[in-house]
Structures are given as C-alpha cells and as structure tokens.
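Labels below follow one simple rule: chain letters A, B, ... track the order of the sequence lines, proteins then strands, and each chain is numbered from 1.
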Amino acid sequence: MNYVDFLLWVRGPAFQIATAIFIFGLSWRLLEILSLSRKPELAVVRERGIAGGFRTIFRRFLPVDDNTFQRSAFIITAGYIFHLGFFIILLLFVPHILFFREFFGFSWPGLPTPVIGIITIMTLLALIALLINRMRHPVLRFLSGFEDYFVWIVTFLPVLTGYMAFHHFFHYPLMLALHILSVELLMIVFPFTKLMHTFTWFISRWYTGSRAAQKGVQV
Amino acid sequence: MSTPQTIYESLHHQGFSRRDFLKFCGISATIMGLSPSMIPRIAKALENTPKKSVIWLSFQECTGCTESLIRAHAPTIEGLIFDHISLDYHHTLQAASGRAAEQARENAMKEHHGDYLLVVDGSIPMGNPGYSTSAGISSLDMLKEVASGAGAIIAIGTCAAYGGLPHAAPNPTGAVSVEELITNKPLINIPGCPPIPAVIAGVISYIVTFGQLPKRDSLKRPITFFGQNIHDRCYRRSFYDQGLFANSFDDEGAKKGWCLYKLGCKGPVTYNACATTKWNENVSFPIEAGHGCLGCSEPHFWDAGHFYQALSVPTREIVGTAGYALAAGAAVGVASAMLNKKKKVDATKNHETVTIHDLERTSS
C-alpha cells in the first residue's frame with residue numbers, strides 16, 4: 001500500500017466505517033440516557049423547573065464565585081482555551097466547512113488560515129499544559145485512569161496532525177491521511193468514553209438546575 | 001544503421017556548431033535539474049556516447065503522451081531529445097508498417113540486447129488478451145518479450161505507470177501498470193496525463209548521459225521533477241493561506257485568481273512539475289488557466305474522489321451511512337431502554353419488605 005492507497009482508504013471506506021460507529025454509538029447512548037426515567041417528584045413543586053434548567057446550563061459557563069475561580073484558575077483558563085480553540089478549528093477552518101457543507105448541505109464563512117494556525121498552537125499548548133497538570137497534581141493523578149489519558153491522546157492527535165498537515169511537515173498526502181485517520185479514531189472511541197460529555201453536559205446541567213428550581217416553597 | 005553515430009556527430013551533421021553543442025549540453029543539464037558544473041561531464045558523455053536504441057511500445061493508450069512530446073513548436077528542447085536517441089520502433093512515428101516495422105523492432109532487440117531502452121505508454125490488459133494487440137501479439141506477450149532484453153524501462157504516462165484511465169473502476173479490461181508485471185528490470189515512472197515533455201526529455205537525457213536511472217521516489221518517479229507538490233509551488237498559494245477562495249468558476253474570486261481548493265483542486269496531494277516548468281512553451285498550467293489540478297500524475301486519479309469536490313470531502317457517500325447508523329443506534333437504544341425498564345420493574349416486584357423480625361432472625 002503506497003501513500004495514495006492509504007489516503008484513499010481513509011477518505012473512503014475508513015471514514016464510512018468511522019461515521020457509522022460514531023452515529024450508531026451516539027444515538028444508542030443518548031436514547032438510553034434520555035429514557036432513564038426519574039422518580040416522580042411527590043412534593044408540591046415550586047416551579048416547573050424548565051427555566052431553572054436553562055438558567056443553570058448558561059450560568060455554569062462562568063465560575064459561581066471568585067473563590068472557585070481562584071482555586072482552579074489554571075484548569076478553567078486552559079480548559080476554556082482548549083475547548084474554544086478546538087471548536088473554532090473544527091468549525092471555522094475552510095476545508096472542514098467544506099466537509100460539513102457536504103454533510104449538512106449548507107455552509108458558513110471560515111477564518112483565514114494563519115488565524116486558525118495561531119489558535120491551533122494555543123489549543124495544543126493548552127492541551128499539553130492540562131496533561132502536565134493532570135500528571136503532577138497529586139489528587140488529579142490519583143483520580144486519573146487509562147481512559148483519561150487515552151481520550152487526551154485521541155483529542156490531541158487530530159489537532160497535532162492537522163497542524164502538521166497544514167504546514168506540510170514531512171509528506172503532505174501522508175500527513176493528511178494520518179490526520180483523517182486520527183479523526184476517525186476519535187469518532188470511533190467518542191460514544192463509548194468520557195468524550196460523550198460533549199453531548200451530555202447540557203442534559204445533566206439542565207437536570208440539576210431544574211430539580212433545584214422545583215425544590216423549596218414559593219415565596 | 002551501419003555505424004552508430006555519437007550524439008555530437010549527429011548534431012554536427014545537422015549543422016550545429018561546437019558552441020551550439022555546448023549550449024545544448026547546458027539546456028540538457030537544466031532540464032535534468034543538474035548544476036552548471038555538470039555541463040562538461042555531459043558534453044564529454046554526449047561526445048562519446050553512441051545513440052541509445054529506444055523501443056517505444058504503445059498499449060492501452062491514447063497517444064497523448066507521444067503528442068505531448070512531439071506536438072510542440074519547433075525547435076524545442078524537447079524536440080532535441082530525438083537527437084539523443086535512435087528511435088527504432090514507435091507505432092505513431094515510424095515510417096515503416098506491417099512486417100517491416102516488426103522487423104525493425106526485432107533487429108534493434110537483437111543488436112542492442114541488454115542495452116536498449118524500453119519506453120512504454122499505455123496499460124496492459126490482463127483480461128482478454130485480444131483487448132490490445134499489435135502485429136497479432138498481445139500487449140502482455142509483447143511487453144514480456146521486449147522487456148527481457150531491455151537495459152532499463154521508462155513507463156511514460158499515468159496508464160503505463162499506474163494503470164491510468166483503463167484502470168479506473170470498474171476496470172473492464174483488467175488493466176495493470178508496467179511495474180506490476182516487470183519487476184526484474186530498472187524502471188522509472190514518468191506519470192502524467194500526459195507527462196510534461198521536458199520531464200520525458202530530461203529523464204531520457206539523464207539515462208543517455210549517465211547510463212543509469214535518476215534518483216526516484218517511493219512511486220519510482222524522478223525526484224527532480226516530482227519532489228514537490230503543485231500546492232507548494234502554486235502561484236495562488238498565498239490566497240489559500242489568506243482564506244480567499246473561488247466558490248464557482250465565474251464568481252468574483254475566480255476572476256481575481258483566488259485559490260481553487262473549494263472547486264476541487266488536487267494540487268495539495270499531487271506531485272509534479274507543472275507549476276514550475278508549465279506547459280505549451282512555458283505559457284501556463286491548468287491552475288493558471290483557471291481550473292483546479294485533477295491530480296493526473298497520481299495513482300488512482302480517476303477514482304480519487306470527485307474532480308470538483310474539495311479534498312476534505314470523503315470519497316464515499318456518508319449521509320446515507322449516517323442515516324442507517326442513526327436508525328440502528330436508535331433501535332439498540334430503545335432495546336436498552338426497555339431492558340433497563342424491565343430491570344427496574346423486576347426489582348420493584350422482587351423487593352422484599354424487611355421487618356424488624358427479619359433483621360433479628362438474620363443476626364441470630
């Protein structure tokens with residue numbers, strides 16, 4: 001298999017397999033989570049809890065108080081840089097938009113590639129910093145298992161290989177193929193790991209917020 | 001062809017002066033991608049080298065490769081290549097036909113056994129041998145026979161190098177490349193549909209001058225000409241970096257000469273010299289003419305995704321795949337939900353109420 005065969009394989013059959021596993025896992029797990037019925041609230045509720053749910057979804061984007069922020073300033077800052085950077089790269093890099101246009105049938109404007117380049121470096125640095133922190137912080141290290149490091153790797157690789165491919169490090173078609181392959185790896189492990197939080201964070205926030213809003217008495 | 005003339009003698013015979021000859025050596029060095037310090041060595045080699053016998057076999061091809069080499073305005077550097085070689089057999093260019101033509105081939109094979117250069121354009125059908133024959137001999141037999149006595153083989157054009165158009169899915173003739181059939185001879189691929197004439201001339205000059213094949217990459221292409229991809233040498237590259245793209249062939253971006261990535265340009269994954277040597281007497285190359293690169297010098301170029309879809313678009317249909325996966329996932333999800341529910345109901349049903357007496361009984 002030469003590099004052309006490899007590139008065609010990752011762009012064709014491998015991407016089809018990865019898409020199938022990704023979508024299958026996603027719909028299976030989301031449906032299962034959503035179908036887990038909760039016990040009915042027997043007490044008289046303060047309010048229906050819908051507004052409270054949405055309030056919590058958005059409120060938790062910011063630290064609740066200064067103390068919380070100060071204690072975890074590094075994780076919050078680096079975490080934000082990584083998450084925002086990742087989504088900017090994913091959604092605003094022109095070749096990625098062309099992929100989404102093919103899938104969804106509509107597109108949106110992208111960012112100039114040097115801007116994406118800078119954001120990519122920031123994202124990579126944030127990811128590395130978060131990994132070092134995880135390995136050095138005694139509590140985080142104690143709590144971290146194989147899965148935590150594994151999902152870090154599968155998240156880090158697409159960003160790294162994408163950057164290397166864009167800048168034509170080594171051999172462009174080979175780097176492009178490795179980039180697509182790393183994305184496929186991410187897609188395959190995504191529904192069965194902690195990476196599912198991409199879709200579940202707002203469900204759990206909404207649930208927490210809505211339950212809190214139901215409790216207590218109307219004043 | 002009584003006594004083989006040297007290349008210098010041949011040029012001299014045509015009225016070229018010594019000065020012209022050295023100029024010619026300089027041009028040869030340039031197209032071979034060699035430094036000027038190599039010119040004396042080239043001159044020495046060409047002065048003393050007998051013309052190389054070349055047998056050119058055409059199989060499943062369109063003659064575009066030959067056209068590329070000869071259909072240029074005279075006099076050209078590429079045209080001078082015919083002074084380097086003794087083209088003893090070539091369907092399109094030879095005057096002889098029928099038995100006389102085959103006789104010329106057989107004579108050349110006998111006379112220069114182990115030394116002649118075999119040039120192949122076109123792919124070889126592995127299906128019915130009748131798909132491609134000449135003088136009643138199938139392409140496969142002809143290739144095997146002529147290759148057995150060749151000093152080296154040049155596979156010219158994407159068809160000979162990788163199968164090309166005949167190899168495109170569903171490959172009705174079972175077309176294969178030369179490389180897949182002949183493995184015991186030094187071989188160089190000069191892919192392209194057609195290949196750049198200066199590249200063909202450069203490689204032949206190199207072989208004639210140095211008696212060996214030039215340095216090749218993993219796909220057996222001469223690195224001098226295939227070492228860099230089109231995207232890296234493209235004059236529109238800065239627009240790619242700035243994020244300025246043509247969205248259609250007649251929009252504002254296209255008129256301003258912006259990057260053609262969105263319109264399916266395969267420049268980033270195509271290795272060739274088009275962007276530097278250009279075509280038609282250095283006039284332009286496809287991207288300069290406003291059309292994206294098709295990637296014609298790469299293997300599987302007919303099956304490497306839509307010509308007008310960007311490189312980042314998967315080559316297979318994925319929306320339908322996603323649809324089926326969604327339905328399958330939903331079915332498994334519903335089944336899991338029902339199992340979970342059943343578990344819950346069973347747990348409630350089997351729940352035993354523990355009284356104070358039970359606790360006493362257990363502890364006793």
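At a 4.5 Å heavy-atom cutoff, the contact between A:L7 and chain B is made by side-chain atoms alone. Interface residue B:Q309: only side-chain heavy atoms are found under 4.5 Å from chain A. Using a 4.5 Å cut-off between heavy atoms, B:D241 touches chain A through backbone and side chain atoms alike. In this structure, chain A has a heavy atom under 4.5 Å from the backbone of B:Q242, while its side chain stays farther away. Neither the backbone nor the side chain of A:R29 comes within less than 4.5 Å of any heavy atom of chain B. Neither the backbone nor the side chain of B:Y324 comes within less than 4.5 Å of any heavy atom in chain A.
B:R216 is linked by a side chain to side chain contact (heavy atoms under 4.5 Å, CB included) to B:I188, B:L213, B:K220, counting only residues two or more places apart in sequence or in another chain. With sequence neighbours excluded, the residues forming a side chain to side chain contact (heavy atoms under 4.5 Å, CB included) with A:A14 are A:W9, A:E184, listed by chain and number.
Side-chain atoms of B:C274 and B:I196, non-hydrogen and from C-beta on, do get closer than 4.5 Å to each other. The closest side-chain heavy-atom distance from B:L219 to B:Y271 is not below 4.5 Å. B:E298 places a side-chain heavy atom less than 4.5 Å from the side chain of B:R221. For the pair B:Y261/A:L98, a side-chain contact is recorded, criterion being any heavy-atom separation below 4.5 Å from C-beta on.
Sequence neighbours left out, the pairs with a member in residues 161-178 of chain B that pass side-chain hydrogen bond (donor to acceptor under 3.5 Å, both in side chains) are B:Q60-B:T173, B:S177-B:E180.
The residue among A:L26, A:L174, A:D5 with the most heavy atom pairs within less than 4.5 Å of chain B is A:D5. When the candidates A:L111, A:I17, A:V94, A:V115 are compared by the number of heavy-atom contacts under 4.5 Å with chain B, A:V94 comes out ahead. Of the listed residues (B:A337, B:G323, B:S336, B:S218), the one with the most heavy-atom contacts under 4.5 Å to chain A is B:S336. Ranked by non-hydrogen atom pairs under 4.5 Å with chain B, the options A:A165, A:P13, A:G117 are led by A:P13. The choice from B:A310, B:G305, B:P268 that makes the most heavy-atom pairs within less than 4.5 Å of chain A is B:P268. Ranked by heavy-atom pairs under 4.5 Å with chain B, the first of A:F93, A:F166, A:F100, A:Y3 is A:Y3. Highest contact tally toward chain B, considering only A:W28, A:F99, A:F104, is held by A:W28 [criterion: heavy-atom pairs under 4.5 Å]. Highest contact tally toward chain B, considering only A:E102, A:H96, A:H168, is held by A:H168 [criterion: heavy-atom pairs under 4.5 Å]. Your options are B:A331, B:A304, B:G329, and the one with the most heavy-atom pairs under 4.5 Å with chain A is B:G329.
In the displayed structure, A:M164 atom CE is contacted under 6.0 Å by more than 12 heavy atoms of other residues, nucleotides or ligands.
The aromatic rings of A:F150 and A:F146 lie parallel to each other, their planes meeting at an angle below 30°, with 60° marking the opposite boundary. Aromatic ring orientation, A:Y163 versus A:H167: tilted (interplanar angle from 30° to 60°).
Taking the six-membered ring for Trp and the full ring otherwise, B:F307 and B:H291 have centroids separated by 6.0 Å or more.
Scanning residues 243-251 of chain B against chain A with a 4.5 Å non-hydrogen threshold yields B:G243, B:F245, sorted by number.
In this model, no donor atom of one side chain and acceptor atom of the other lie less than 3.5 Å apart for B:R236 and B:Y240.
Atoms OG1 and CD1, from A:T123 and A:I88 in turn, are 7.5 Å apart once rounded to the nearest 0.5 Å.
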